Structures are given as C-alpha cells and as structure tokens.
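Worth knowing before you read on, the calculation uses all heavy atoms, side chains too, and leaves out hydrogens, waters and symmetry mates. What you see is a predicted model; the values in this text were computed from it and never measured. Lettering follows sequence order; numbering is per chain, from 1.
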Amino acid sequence: MHLGKSAELSTNETIRTAPSHFGFRQEVSVLEVVAVIDFETTGLSPAQGDRATEIAAVILADGQVVDRYQSLMNAGVRIPAFIEGLTGISNQMIRSAPPAAEVMREVFEFVGKTPLIAHNASFDSKFWDAELARIELCRPQEFACSLLLSRRLLPQAPSHKLGALVEFAGLPAAGRAHRALADAEMAANLMLHLADELRRRYQVEEISHNLLCKLQRTPKAKLEACLAQHLATCQDS
DNA sequence: TGCCAGGCCCTCTTTAGGGCCTT
C-alpha cells in the first residue's frame, strides 16, 4: 500500500488515499455516501473468458472523493494487443501485479456494503460478480448506473461516453482515460453533477442510491412523474 | 475458417433491427 500517489500509474502499485487531491467538490451535496468503481479488463465478457486487469473504487461523501483504492491484478491471462493499446496496461505490468484473488478480497473489504455506482454498470457489475464468484464472495448491494442516469438527465449531450459527458458538463479530467482510477474519479464527478441536476431542476434535496436505481429503470417520458411522486412521498413522511 | 457480450433505447417497433456503451 502507498499513500498519496498520483492517479497516473504506470506500474503495479496499489494505492489507497484520502481525501481527494483533484480539487473537485460539488458545492451542495445531496447524494448519500456511495462507492464508484471501474474495471479495466482483457475484453468485454467474463462469460467468454475475459478477466479483470485493474480495479479502482472511490468513496464519495459530502460532495467529494474521501477515499480511493486502485490496483492492477494478475489473473493469469494474456492481454490482447488491442487492449494494451487502449488502456496502456501491458502484459509486463500484469506479470508483477498481485493475484486477482488477493486484490478482489481487498477491494471487497474496502467497499463493504457501500452502495455501488459505475458508468455502464451492466459491464462492471458482470466483472465484479464474476471475479467475486471466483473467491466465493457475493455482492450484497445493487449497482446504480451513471450512463443510464445521464441518458435521462443529460439527453442533450452529444454522446454518453464517460469522457464526452465529462467534457460536456465541464468537469475536470482526472488523468489518463481507460485507467481505472481516472475513470472512476471522472464517473464520480459525473455522478455529483447528475445529483446537482436533480437538486437544481427537480428540487430533490436528498438523493439516495435507491432513488437513483429507481430513476434508471424509469422510462424517460415518465421521469418527471416519477420524481413528482417521490417528492410527494417525501413531503408526506 | 469464421466468429466471438449483453443490456438499454430509439424507431422506418412491439412476431424487430440496429446503434450506443463498456474493455
């Protein structure tokens, strides 16, 4: 473990730091404590034999990143050349990384039962579940998805890729794209921006992970009705 | 040799097809 490392890692270092060094803080936080995760992998599908090569998790609380975890991991599989070029994670880097089982146990403990968020969570949840299953662990919490939420709350964005949304929203870049910690930091900042959109446009004062999960399952056309119902329920209780 | 995922969402739709998004 190393404290206070930069997000731009080129080796197999594992980091865990607090709080944020990237200087982004949402002025008014209405979002409950959540963990934003991002995987780098050898491909798109664990069902086809693809494995994780890197994991990052950042804890969001009070409008800022308060804790972070990142590590490369060695799953004993070869990284295709295309993926090496995409992520910058090479087979040489993976050879000296800690075993995948060890890293997954650490990050599972780091996240605990904190509600999870990822950009295109259907992808990260598949790898999260598959890597945990290999060490006989199960995920206790649900994933919310910043991609699904941004399609509902930022329909005017030209693209809903993570990098494009960060640029569209005027959020800071956190480092090299397609590295786990940088992408997790950017997804975290995007999530804070989406929470602020909910507060500013719909006067939602407290945003729970449950509400995010409900909104991401709500068709666009019914989003406002869903939020109106949520606000009415909050006023009654 | 050829092919290779899967969920979401829109539309020229719903008994379907194709683009987007993740690596």
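- Across all strands, A/S159 comes closer than 4.0 Å only to sugar-phosphate atoms, never to a base (heavy-atom distances).
- Within 4.0 Å of A/R152, counting heavy atoms only, lie sugar-phosphate atoms of the nucleic acid but no base atom.
- Counting any heavy atom pair closer than 4.0 Å across all strands shown, A/D38 reaches sugar-phosphate atoms only and no base atom.
- If you find the closest nucleotide of DNA chain B to A/A47 and to A/K220, the one lying nearer the 5' end belongs to A/A47.
- For B/dG19 and B/dC12, the C1' atoms lie 14 Å apart once the distance is rounded to whole Å.
- When DNA chain B is scanned in the 5' to 3' direction for atoms under 4.0 Å from non-hydrogen atoms of chain A, the outermost contacting nucleotides are B/dA5 to B/dT23.
- A/L44 comes within 4.0 angstrom of a base, heavy atoms only.
- B/dT14 and B/dC9: their C1' atoms are spaced 13 Å apart (whole Å).
- When side chains are defined from C-beta on, A/F108 does not count as touching A/E131, because their heavy atoms never get closer than 4.5 Å.
- Among the protein residues, A/F127 comes within range of no part of the nucleic acid, since none of its heavy atoms lies under 4.0 Å from any strand.
- To the nearest whole angstrom, the two C1' atoms, one in B/dC21 and one in B/dG2, are 25 Å apart.
- Rounded to the nearest Å, the gap between the P atom of B/dC8 and that of B/dT1 is 38 Å.
- Atom name P, nucleotides B/dG17 and B/dC4: the rounded distance is 16 Å, in whole Å.
- A distance of 10.5 Å separates CG of A/D38 from CG of A/N120, quoted to the nearest 0.5 Å.
- A/I83 comes within 4.0 angstrom of a base, heavy atoms only.
- In this structure, A/T87 reaches the sugar-phosphate backbone alone: every heavy-atom distance under 4.0 Å involves primed, P, OP1 or OP2 atoms, never a base.
- For the P atoms, the distance linking B/dT13 with B/dG18 amounts to 13 Å, nearest Å.
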